[in-house]
Trainee: 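One structure follows; several queries about it will come next.
Residue numbers begin at 1 in each chain, while the letters A, B, ... track the order of the sequences.
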Amino acid sequence: MTGVFSYLVFFLVIALILGVAVLGLNLQWGFTGLFNAGVAGFMAVGGYAAAILIGPSRDAVAGGFELPFVVGLAGAMAAAGAAAAVVGVATLRLREEYLAVATFGIAISIQLVALNWEYLTGGTLGLIGIPNPAAQLADGPLARNVLYLGIVLAAAGLAYAGLGRIVQSPWGRTLKAIREDETAAASLGKNPVRLRLEAFVLGSAIMGLAGGLYVGFIGYVSPFDFQPILTFQIWTMLIVGGSANNRGALLGAVLVWAIWTTSGFIVSKVVPPDLQAQSGALQAVLIGLLLVAMLLFRPRGLIGEEEHVSRHVRP
Amino acid sequence: MFLQHVADGILSGAIISLGAIGLTLTMRILRFANFAHSELLTWGAYSALVFVGFFMAMDEALGGPIGPLSFGWALVAAAVLAGGLTAAVALLLDRVVFARLRGHAGHMTLVFASFGVALLVRNVILMGFGPDPFYYSNELQIAVRVGAVRVMPDQIFVLGLTAVLVVLLHLFMTRSRTGVHMRAVAENPSLARTSGVDVDAIVRWTWVIGATGAAVAGVLYGLTVQLRPELGFSLILPLFAAAILGGTGSLYGAVIGGLVVGLSENLSVMVIPSGYKPAVPFLLILAILYFRPQGLFGEPR
């Protein structure tokens, strides 16, 4: 029984961390219509930034400032936001496809930096021994994970509530106006490029936060934690749950992560172990089919966007 | 050493050009950035491998090398068949996925769907062939010295074939009725439609030309490098860089863009560690978007 319970806690920690990233993507795609093809890259930047800020000091590697966890998370958000600004400034005034290409490119480049710049990132070995903030307060792995689940719940709740307020605010309504009709919004004196850039940077910062939370939980970071498949998973979570709906984003995260882990379990039982690469491919095909089928047959997702009508309009 | 990098850059650039032509055409005529385009290179390369296997099983002599080249008529015939099969796959993908989304769904949904399709194609190939590399032939080649550089006969063949294909495509686009229609649709689809151009047929032609070019580029890549399931994935950025650099929709721009990308990638190893080579196309994209977003040969909008 405790086995099931402790697995459930572990599962929820990971699913909700991914859910935070899905919330960030929802601000970009759901509410603003920006295509970010490099989600894993921004999460990686956050993960590495947090690891460098809170990790133990080491001779061969830069960083290791042993700062408090919260500072690490703030740094993760700042670093991911800065990376987003680099591609955002170059592309957001141009055709919207260019953002997709540039975000794809920065994710590849971040992966290369993680692999090759050993002084900063530890190379393929990564950075290890990142202190888990829950470990200092709790005895034993189960108590630690339960406590960390509390931290992740708080972070996800904060992101959910904060984004909910932002989206309702005049700023958020302008975002939707730009998504629906850029020319109309611009003619009313709104600056679409600036607002898009703000939404893109804020969304990426939230992805960085997710990266930092992930690294704090597993205690190390390596280039293999943020593979391109992660970007697909985050996207599928958003599309399945329903874009432009933050409850849908979190629901999709838990649901798709459940499908992913279950399919991984089944595939590992069915496919012989020497065909490991093929079983990974089978899982990816399943998630790809889910995504394309969702787009074709239920594009609004399970929950989808709620209609908002001005309160001045009487039905 | 410098000249050797230049020679290698031109060779890999030629293959990138061939792939980028199809990408730039889809970006212009179908009006979306197709992330699945480079997976058509992988598909073409692997289907040629299967066809080569068939031919070799029929008659061992077909695999015998032609002159100094490493491959025989089996690969030539296989490449033609692979081009046809890849075009069929592209048309099928259009019918099943892209055509349904074109028009009513948001334009970025198409880009997004192409992302999912790319993942599917790549992993289906990985499931079928496994992660290990393949080669079309195990023949050893003797390099030829041209001045200060050494090149393989296969590489000279790749350059020559690319040049011939680009000239043929140029003639098609300027002399044939379909080619003129394609340019009309690229310029203004609704005006072309009212002028009696069958836009749906042009869409199919675009897929066929783009996919055939992709398949040939994939075979040439497999011939001069190797076949891996992530062949296409690693070419996504170089292809987009070539298309954007040349100016989206410009055929000759894509060719020049491909050469620039190939040269910059190969020359970059003289200044930066070779581990960062795959990031070069990204830096090119950023630079061109900052300073000349319409591309080298595109017109400002």
Side-chain angles (χ1 to χ4, degrees), chain A residues 29 33-35 37 86-87 89-102 104-113 115-118 123 179 228-229 231-232 235-236 239 271 274-297 299, chain B residues 27 31-33 35 96-97 100-101 104-132 229 233-234 236-237 240-241 243-244 248 273-291 293-294 301:
Chain A
W29 172 254
L34 300 172
F35 187 95
V86 172
V87 288
V89 169
T91 55
L92 283 172
R93 64 204 154 89
L94 305 169
R95 288 173 51 159
E96 43 195 349
E97 271 119 341
Y98 290 158
L99 179 70
V101 176
F104 182 82
I106 199 173
I108 300 276
S109 309
I110 289 165
Q111 182 86 359
L112 292 173
V113 170
L115 279 169
N116 291 306
W117 194 359
E118 292 188 2
R179 184 192 66 183
I229 185 78
T231 299
F232 285 105
W235 267 102
T236 311
I239 299 300
V271 181
D274 52 317
L275 294 176
Q276 214 177 21
Q278 276 88 338
S279 56
L282 180 60
Q283 257 188 300
V285 167
L286 290 177
I287 201 168
L289 282 177
L290 178 65
L291 193 152
V292 174
M294 244 7 230
L295 279 182
L296 288 176
F297 303 115
Chain B
M27 277 175 92
R31 293 190 148 68
F32 75 103
F35 275 84
V96 176
V97 182
R100 285 158 172 259
L101 295 173
H104 61 90
H107 148 254
M108 286 311 282
T109 307
L110 274 169
V111 180
F112 182 31
S114 79
F115 226 72
V117 168
L119 177 83
L120 280 177
V121 173
R122 177 161 67 250
N123 282 289
V124 164
I125 291 169
L126 178 56
M127 271 165 63
F129 293 87
D132 299 325
F233 186 78
S234 66
I236 291 180
L237 273 184
F240 271 119
I244 294 174
T248 307
S274 62
Y276 292 107
K277 192 171 142 184
V280 170
F282 168 65
L283 297 177
L284 282 173
I285 291 174
L286 269 197
I288 197 87
L289 292 182
Y290 265 114
F291 298 113
Q294 72 270 33
R301 299 200 187 206

Trainee: If every non-hydrogen atom of A/Val292 is compared with every non-hydrogen atom of B/Val117, which pair is closest and at what distance?
Mentor: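 Minimum heavy-atom contact is CG2-N, 4.3 Å.
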
Trainee: Enter the distance from A/Arg179:CZ to B/Met108:CE here, rounded to the nearest 0.5 Å.
Mentor: 14.0 Å

Trainee: Chain B heavy atoms under 4.5 Å from A/Ile229: which part of the residue, side chain, backbone, both or neither?
Mentor: side chain

Trainee: Over all heavy atoms of both residues, which pair between B/Phe282 and A/Val87 is shortest? Give the atoms and the distance, please.
Mentor: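 Smallest interatomic distance, heavy atoms only, reads CZ-CG1, 3.9 Å.
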
Trainee: Under 4.5 Å from any heavy atom of chain A, what part of B/Leu126 do you find: side chain, backbone, both or neither?
Mentor: both

Trainee: At a 4.5 Å cut-off on heavy atoms, which part of B/Ile125 comes close to chain A: side chain, backbone, both, or neither?
Mentor: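 Contact with chain A is absent: no heavy atom of B/Ile125 under 4.5 Å.
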
Trainee: What's the verdict on side chain to side chain contact (heavy atoms under 4.5 Å, CB included) for B/Leu119 and A/Trp235, showing C-alpha distance, side-chain angles and the deciding distance?
Mentor: CA-CA 12 Å; B/Leu119 177 83; A/Trp235 267 102; over 6 Å; no

Trainee: Grab the two heavy atoms, one from A/Thr91 and one from B/Leu289, that are nearest each other, plus how far apart they are.
Mentor: CG2-CD1, 3.5 Å

Trainee: For B/Phe233 together with A/Phe104, are the ring centres under 6.0 Å from each other?
Mentor: yes

Trainee: Would you mind telling me which of A/Ala90, A/Ser279, A/Ser109 has the largest number of heavy-atom pairs within less than 4.5 Å of chain B?
Mentor: A/Ala90

Trainee: Using modelled atom types and a 3.5 Å cut-off, is there a donor and acceptor pairing between side-chain atoms of B/Asn123 and backbone atoms of A/Ala284?
Mentor: no

Trainee: At what distance, to the nearest 0.5 angstrom, does OH of A/Tyr98 lie from CG of B/Leu286?
Mentor: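 Nearest 0.5 Å value for the OH-CG distance: 13.0 Å.
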
Trainee: Where does A/Trp29 contact chain B at under 4.5 Å (heavy atoms): side chain, backbone, both or neither?
Mentor: side chain

Trainee: Nearest 0.5 Å, please: how far is CD1 in A/Ile239 from CZ in B/Phe112?
Mentor: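 Going from the CZ atom of B/Phe112 to the CD1 atom of A/Ile239 covers 4.0 Å.
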
Trainee: Which region of A/Leu295, side chain (C-beta onward) or backbone (N, CA, C, O), has a non-hydrogen atom less than 4.5 Å from a non-hydrogen atom of chain B, or is it both or neither?
Mentor: both

Trainee: Need one label for A/Leu282: side chain, backbone, both or neither, based on atoms under 4.5 Å from any heavy atom in chain B.
Mentor: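 A/Leu282 touches chain B through backbone and side-chain heavy atoms alike.
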
Trainee: Measure B/Pro278 against the heavy atoms of chain A and call it side chain, backbone, both or neither at under 4.5 Å.
Mentor: both

Trainee: So which part of A/Leu286 gets closer than 4.5 Å to some heavy atom of chain B, the side chain, the backbone, both or neither?
Mentor: neither

Trainee: Just how far is it from atom CZ of B/Phe129 to atom CD of A/Gln278, taken to the nearest 0.5 Å?
Mentor: 11.5 Å

